[in-house]
Novice: 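Below are the structure tokens for one structure; questions will follow.
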Amino acid sequence: MEMLKGLLDTLLLTARDVIPIAVILFGFQLGVLKRPIANWHKVVLGFFYVIIGLTLFLVGLELALFPIGETMAEQLTSIEFIHPNLGPGEAIIWQDYLWVYIFAAAIGFSTTIAEPSLIAVAIKANEVSAGAIGVQGLRISVAIGVSFGIALGCFRIVVGDPIHYYIMAGYIIVVIQTFYAPKMIIPLAYDSGGVTTSTVTVPLVAALGLGLATNVEGRNPLIDGFGLIAFASLFPMISVMGYAQIVELLDKRHSVKE
């Protein structure tokens, strides 16, 4: 009964969020543009599918991914796992958190690949570019950027460096890449940072950062635990433009050989 109640509550909340979007779209179509809705029954059915799909998706995250992510974060960052034989006077160094970095990279890659917003952007980019931008290539390049960014963010929490140094260095790289990357990919690369901070990635990454900051001695969860999402937004821009630069370089070499 509790599960059914939670499912119903999520359904009502999802409908509350989706219905205003439908009202705005239909209102502008009928009231401003004054044109009928083509295949309106299919559009209404599509909105119904969206509400049902989002409801099941959110309930699945709540029941499965979130608890596992929080448990993994707590276990991987506990002193008993990192250094079970820690003697008196010994200190934990950043190399002892190797499995934390690996888990952060893996969870960043996997959640980004499964991100619905990234899939939608990749499909539209492929359609608009007439196949020049591959769906899988874009998704994988963004996932690699998020993977590296979250692992680097966990390293920052462990060593205690100020976050703004990393952010400034990252945006300097982005500005430099902007001058040399193909013009077609630059707007898409800038958008790729935003699509990664959505339903799947944010809760799991935030749980990892808070768990790590809580268990690392001398770290403040409020000051050090947050900020991983900034890394997840920044580094996809670098990886997508780098991916486009590599593809462009390989194409030039292939043309020269021919």
Novice: Residues two or more places apart in sequence or in another chain: which of them pass side-chain hydrogen bond (donor to acceptor under 3.5 Å, both in side chains) with Asn220?
Specialist: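 Partners of Asn220 by the side-chain hydrogen bond (donor to acceptor under 3.5 Å, both in side chains) criterion come out as none, since no residue qualifies.
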Novice: Suppose we screen for ring pair (Phe, Tyr, Trp, His ring centres under 6.0 Å). Which residues come up paired with Phe148, at least two apart in sequence or across chains?
Specialist: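 Checked Phe148 against ring pair (Phe, Tyr, Trp, His ring centres under 6.0 Å); matches are Phe235.
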Novice: What pairs of residues pass the salt bridge (charged side-chain N to carboxylate O under 4.0 Å, His left out) test when at least one of them lies in residues 11-37, not counting sequence neighbours?
Specialist: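 For residues 11-37: none.
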Novice: Quick check: does any side chain N or O of Arg219 sit under 3.5 Å from a backbone N or O of Leu212, one acting as donor and the other as acceptor?
Specialist: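 Flag not set: sc Arg219 to bb Leu212 has no pair under 3.5 Å.
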Novice: Do Ile246 and Ile185 share a hydrophobic cluster (ILVMFWY, side-chain heavy atoms under 4.5 Å, transitive)?
Specialist: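 Different clusters: Ile246 never reaches Ile185 through Ile, Leu, Val, Met, Phe, Trp or Tyr contacts under 4.5 Å.
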Novice: Without swapping roles, check the side chain of Gln29 against the backbone of Ile37 for a donor-acceptor pair under 3.5 Å.
Specialist: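 Answer holds: no.
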Novice: Given side-chain contact (heavy atoms from CB on, under 4.5 Å), test Thr178 with Tyr190 step by step and report yes or no.
Specialist: CA-CA 10 Å; Thr178 302; Tyr190 276 67; 2.9 Å; yes
Novice: Quick one: does any side-chain atom of Ser147 pair with a main-chain N or O of Ala143 as donor and acceptor, under 3.5 Å?
Specialist: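 Not confirmed, Ser147 side chain does not pair with Ala143 backbone.
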Novice: Is Leu208 reachable from Val159 through a run of hydrophobic residues whose side-chain heavy atoms are each under 4.5 Å from the next?
Specialist: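 They do share one cluster, since a chain of ILVMFWY contacts under 4.5 Å joins Val159 to Leu208.
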Novice: Donor-acceptor check, side chain of Ser141 to backbone of Ser239, threshold 3.5 angstrom: yes or no?
Specialist: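 Side chain of Ser141 to backbone of Ser239, a donor-acceptor pair under 3.5 Å: no, none is there.
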Novice: Is there side-chain contact between Leu11 and Ile52, with heavy atoms separated by less than 4.5 Å?
Specialist: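 With C-beta onward as the side chain, the pair touches.
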Novice: Evaluate the side-chain contact (heavy atoms from CB on, under 4.5 Å) criterion for residues Tyr243 and Ile140: first the C-alpha distance (whole Å), next the side-chain angles of each, then the deciding distance (0.1 Å), finally the verdict.
Specialist: CA-CA 10 Å; Tyr243 164 71; Ile140 292 174; over 6 Å; no
Novice: Begin with the C-alpha distance, continue with both residues' side-chain angles, and end with the deciding distance and a verdict on side-chain contact (heavy atoms from CB on, under 4.5 Å) for Val121 and Leu188.
Specialist: CA-CA 9 Å; Val121 169; Leu188 184 60; 3.7 Å; yes
Novice: Can you name the side-chain hydrogen bond (donor to acceptor under 3.5 Å, both in side chains) partners of Tyr171, sequence neighbours left out?
Specialist: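 With sequence neighbours excluded, Tyr171 shows a side-chain hydrogen bond (donor to acceptor under 3.5 Å, both in side chains) to no residue whatsoever.
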Novice: Any ring-ring contact (aromatic ring centres under 6.0 Å, His included) involving residues 3-42? Give me the pairs, sequence neighbours left out, ordered by first then second residue.
Specialist: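 ring-ring contact (aromatic ring centres under 6.0 Å, His included) check on residues 3-42 returns Phe26-Phe47.
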Novice: With rounding to the nearest 0.5 Å, note down the distance linking CG in Leu54 to CZ in Phe57.
Specialist: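 Rounded to the nearest 0.5 Å, the CG-CZ separation comes to 8.0 Å.
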Novice: Would you name the heavy atoms of Phe231 and Ile150 that are closest together and state the gap between them?
Specialist: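 The pair with the smallest heavy-atom distance is CB-N, 4.5 Å.
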Novice: Hey, any chance Leu118 and Val135 share a hydrophobic cluster, counting ILVMFWY side chains that come within less than 4.5 Å of each other, even indirectly?
Specialist: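 As far as the 4.5 Å side-chain criterion goes, Val135 and Leu118 are not connected within one cluster.
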Novice: Sort and list the pairs that fulfil salt bridge (charged side-chain N to carboxylate O under 4.0 Å, His left out) and have at least one residue in residues 117-144, not counting sequence neighbours.
Specialist: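 Residue pairs with at least one partner in residues 117-144: Lys124-Glu127.
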Novice: Without swapping roles, check the side chain of Arg156 against the backbone of Leu228 for a donor-acceptor pair under 3.5 Å.
Specialist: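 Absent.
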Novice: Begin from the C-alpha positions of Leu7 and Leu56 and carry the test side-chain contact (heavy atoms from CB on, under 4.5 Å) through to its verdict.
Specialist: CA-CA 8 Å; Leu7 181 63; Leu56 296 176; 4.2 Å; yes
